[in-house]
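Here is the structure we will look at, set down as structure tokens.
This structure is a prediction, so every number in the text was calculated from the model and none was measured.
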Amino acid sequence: MRRRTLALLALAWPLWAGAQAPACTVPDHVPPAQLAGLWTLTLWPEGAQETQASSRGAVLFERHPEYTAGVRGELRRSGAGNDLTAVVSGDVTEGEFHLDESDDGKTMSAVWDGVAQDCAGQLSITGTRRPAEGRGEATALRFRLERASGWR
């Protein structure tokens, strides 16, 4: 019986080992064309788990019309009592993601800093969203952006 169990484990090992999470890399640069498209968004309080999301939404990035190395887009997410929208623009350079958010399209309302990761061809971005200096919001939020299904 013991030999049979060991034989089954030996046969199953390659399947189990292959099922492990893919190795992730941090790309030095993500071109705007790779950022363009629809991304899902999850925001949660610092110190909490991502499963304790305080807001969810989406961001649609397009190539920035003036800054060719970056993207511009529209963010829509749930808020206390109503949905929130904002204009965003940013880029990924030297492995770091930077995004500026504006509620009115004129003044900065928040800044996003994070890291892009490529896990077996699936790009995701995680980091922290902080209120812009002088804004009334009190706390920073953690975020995750993931490319929506069907967008590449």
Residue pairs fulfilling salt bridge (charged side-chain N to carboxylate O under 4.0 Å, His left out) with at least one residue in residues 111-124, sequence neighbours excluded: none
Atom pairs and distances, side-chain donor-acceptor, residues 87-95, under 3.5 Å, sequence neighbours left out:
unit_1: Asp91; atom_1: OD2; unit_2: Tyr67; atom_2: OH; d: 2.8

Thr128: partners by side-chain hydrogen bond (donor to acceptor under 3.5 Å, both in side chains), with sequence neighbours left out: Arg142
Test side-chain hydrogen bond (donor to acceptor under 3.5 Å, both in side chains) applied to Glu62 - qualifying residues, sequence neighbours left out: none
Pairwise distance CG(Leu84) to CG(Leu43) - rounded to 0.5 angstrom: 10.0 Å
Sequence-distant partners of Glu133, salt bridge (charged side-chain N to carboxylate O under 4.0 Å, His left out), two or more places apart: none
Partner set under side-chain hydrogen bond (donor to acceptor under 3.5 Å, both in side chains) for Gln117, not counting sequence neighbours: none
Salt bridge (charged side-chain N to carboxylate O under 4.0 Å, His left out) partners for Arg76, two or more places apart: Glu74
Interatomic distance, Arg129 atom CZ to Arg77 atom CZ [nearest 0.5 angstrom]: 4.5 Å
Side-chain cluster (under 4.5 Å, hydrophobic types only) that Met108 belongs to, other residues: Val111
Ser54 side, atom OG; Leu141 side, atom CG - distance, nearest 0.5 Å: 5.0 Å
Side chain to side chain donor-acceptor pair (under 3.5 Å) pairs, two or more places apart, involving residues 39-49: Thr42-Arg56
From Leu99 atom CG to Phe143 atom CZ, the distance as rounded to the nearest 0.5 Å: 7.5 Å
For Ser102, side-chain hydrogen bond (donor to acceptor under 3.5 Å, both in side chains) partners two or more places apart: Asp104
Under the salt bridge (charged side-chain N to carboxylate O under 4.0 Å, His left out) test, residues paired with Arg130 that sit two or more places apart: none
